[in-house]
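What follows is a single structure, written as structure tokens, with notes after it.
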Amino acid sequence: MSDTEATVQVLRELVPEELQAPRVAIICGSGLSGLVASLRHSVLVSYDKLPGFVQSTVPGHKSSLAFGFMGSGAGVPVVAMLGRFHPYEGHKLSSVVYPVRVMANMGVKNIIITNAAGALNPNLSVGTIVVVHDHIALPNLTGMNPLLGPQTNPSLPRFLPLSDAYSRMLRKLVFRAARDLSIERDALAEGTYAWVSGPTYETPAEGRFLRAAGADVVGMSTVPEVVAAREENMNVLVLSLVTNAVVIPLGYESVRDEFEAEIAGTSTKAVVDEVVSHEEVLAIGKIKGDLMKSLVEKILDLLPTDV
Ligand SMILES: O=P(O)(O)O[C@H]1O[C@H](CO)[C@@H](O)[C@H]1O
């Protein structure tokens with residue numbers, strides 16, 4: 001029996017039979033566990049009961065899986081991770097993606113991955129939900145790829161294409177859901193997610209570098225889960241909530257002008273003093289969580305029955 005099968009067997013003992021066949025997995029990003037507040041017949045399973053699961057150590061992430069029905073009518077059976085694992089917590093990449101493999105083993109075919117992210121694109125304002133259509137993952141390209149090492153399942157492809165990683169069908173569904181909910185157009189955008197390891201936030205020069213490379217938002221999660229989910233042949237949707245702007249203006253670094261202006265007694269130019277914090281990230285999650293929740297519920301309502 002594989003490790004994931006053993007974990008699924010434990011889940012079968014802890015979760016009632018009607019909840020054992022979720023159609024959709026949801027991963028809740030920082031401060032976004034309220035996304036699944038409307039789960040019905042819900043059952044929580046703490047990660048410490050599940051072999052292979054580690055613990056979430058980041059504020060705004062809970063260490064439990066939630067099973068239940070979500071959406072209108074009878075609803076769709078879902079399994080949600082109320083907290084995720086990040087490599088910067090000291091977790092191995094294989095542990096970070098383990099829950100995705102377990103959910104795939106339970107038969108889940110669709111995954112909605114959410115996260116909090118910083119905006120690199122100056123046109124994105126705080127609170128915007130970005131439907132991710134691509135990613136840039138420097139760690140993946142330089143030796144921190146969750147698929148490095150022996151194949152977990154030889155029936156899965158060794159060389160996984162990622163050009164089609166983000167399901168067009170699910171992305172389109174987001175815009176259909178937004179229209180049905182009369183969500184204003186500017187509340188949603190499309191973009192490319194840059195994955196960085198963290199836990200440091202980006203320097204302005206790093207922000208400029210990632211922006212120049214073509215990324216719209218940046219975060220410290222998600223991509224390993226996307227890669228594993230694609231390897232497991234799931235349909236992947238990623239929704240990033242913009243919680244802060246990454247400071248990227250050029251030219252503020254010099255202190256010479258400032259110094260000389262001080263000496264001359266003339267006015268100094270404005271200094272950029274915005275500093276991002278995780279508290280701010282969580283606060284935006286709280287404010288915008290309801291919008292994300294309504295959107296996810298509507299997406300579930302609209303999900304075709306054959307996927
Ligand atoms: O990506 P999620 O888990 O939403 O969290 C984001 O928020 C944290 C930083 O504030 C980082 O972990 C970053 O990745």
Side-chain angles (χ1 to χ4, degrees), residues 25-36 47 53-66 80-93 95-100 111-120 124 126-132 134-140 144 146 166 191-203 206-207 210 215-229 236-247 274-293 295-296:
I26 299 171
I27 302 182
C28 301
S30 283
L32 292 171
S33 58
L35 263 184
V36 293
Y47 293 164
F53 274 60
V54 289
Q55 293 291 302
S56 299
T57 64
V58 183
H61 290 261
K62 297 178 184 159
S63 286
S64 295
L65 284 182
M81 289 181 71
L82 301 187
R84 63 150 55 90
F85 312 130
H86 309 81
Y88 65 73
E89 296 172 76
H91 301 312
K92 290 188 294 190
L93 276 170
S95 303
V96 168
V97 301
Y98 188 76
V100 173
I111 187 163
I112 302 176
I113 301 175
T114 66
N115 61 58
L120 299 163
L124 291 175
V126 168
T128 306
I129 293 174
V130 177
V131 183
V132 173
D134 203 347
H135 70 232
I136 295 173
L138 294 178
N140 267 5
M144 218 173 121
Y166 298 87
T192 295
Y193 180 95
W195 174 40
V196 294
S197 79
T200 45
Y201 291 111
E202 297 65 45
T203 67
E206 288 164 347
L210 293 169
D216 297 290
V217 288
V218 55
M220 308 170 195
S221 70
T222 298
V223 168
E225 297 150 2
V226 169
V227 172
V236 172
L237 174 66
V238 172
L239 300 174
S240 292
L241 174 65
V242 174
T243 53
N244 58 284
V246 177
V247 173
E274 297 162 48
V275 176
V276 61
S277 72
H278 190 57
E279 289 67 37
E280 175 190 348
V281 167
L282 295 181
I284 300 300
K286 211 173 221 167
I287 295 166
K288 286 291 172 176
D290 275 353
L291 178 66
M292 187 82 111
K293 177 168 158 286
L295 201 56
V296 169

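Atom set for the values below is all heavy atoms of this structure, side chains included, hydrogens, waters and symmetry mates excluded. Read the numbers this way: they start at 1 and go in the same order the structure lists the ligands and their atoms.
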Practice problem: Look only at the side chain of E89 and the backbone of T57, and say whether a donor-acceptor pair between them is shorter than 3.5 Å. | Solution: yes
Quiz prompt | Short side-chain to backbone donor-acceptor contact, R84 and I113, under 3.5 Å | solution = no
Quiz item: Going by the atom numbers of ligand 1, which of them fall below 4.0 Å from some non-hydrogen atom of G29?
Solution: 4 (O)
Quiz item: Is the backbone N or O of G29 less than 3.5 Å from a side-chain atom of H61, with the two atoms forming a donor-acceptor pair by type?
Solution: no
Practice problem: Test H135 against T192 for side-chain hydrogen bond (donor to acceptor under 3.5 Å, both in side chains), laying out the working first. | Solution: CA-CA 5 Å; H135 70 232; T192 295; over 6 Å; no
Self-check item: ligand 1 N/O within reach of A116 N/O, cut-off under 3.5 Å
Solution: yes
Quiz item: If every non-hydrogen atom of V97 is compared with every non-hydrogen atom of P146, which pair is closest and at what distance?
Solution: CG1-CB, 4.1 Å
Quiz prompt | For atom 7 (O) of ligand 1, closest protein heavy-atom neighbour | solution = S30 OG, 3.1 Å
Self-check item: Donor-acceptor side-chain pairing of S221 and N115 below 3.5 angstrom
Solution: no
Exercise. For ligand 1, note which part of N115 has a heavy atom under 4.0 Å away: side chain, backbone, both or neither.
Key: both
Exercise. Check the surroundings of atom NZ in K293: do more than 12 heavy atoms from other residues, nucleotides or ligands lie under 6.0 Å from it?
Key: yes
Quiz item: Is Y193 reaching over with its side chain to a backbone N or O of V238, donor-acceptor style, under 3.5 angstrom?
Solution: no
Quiz prompt | Under 4.0 Å to a heavy atom of R84 - the qualifying atoms of ligand 1, by number | solution = 1 (O), 2 (P), 3 (O), 4 (O)
Quiz item: What is the closest protein heavy atom to atom 3 (O) of ligand 1, and at what distance does it sit?
Solution: H86 NE2, 2.7 Å
Self-check item: Donor-acceptor under 3.5 Å (H91 side chain, S56 main chain)
Solution: no
Quiz item: Please state which protein non-hydrogen atom is closest to atom 1 (O) of ligand 1 and give its distance, to 0.1 Å?
Solution: S221 OG, 2.5 Å
Quiz prompt | Per atom 14 (O) of ligand 1, closest listed option by heavy atom (M220, E279, E225) | solution = M220
Exercise. Could you tell me the residue and atom name of the protein heavy atom closest to atom 12 (O) of ligand 1, and the distance to it rounded to 0.1 Å?
Key: Y88 OH, 2.6 Å
Exercise. Report yes if Y193 has an N/O atom closer than 3.5 Å to an N/O atom of ligand 1; otherwise report no.
Key: no
Quiz item: Short list, please: which atoms of ligand 1 are under 4.0 Å from a heavy atom of H61?
Solution: 3 (O)
Quiz item: Is there a nitrogen or oxygen of T114 sitting under 3.5 Å from a nitrogen or oxygen of ligand 1?
Solution: no
Exercise. Specify the protein heavy atom at minimum distance from atom 9 (C) of ligand 1: its residue, its atom name, and the distance to 0.1 Å.
Key: Y201 OH, 3.3 Å
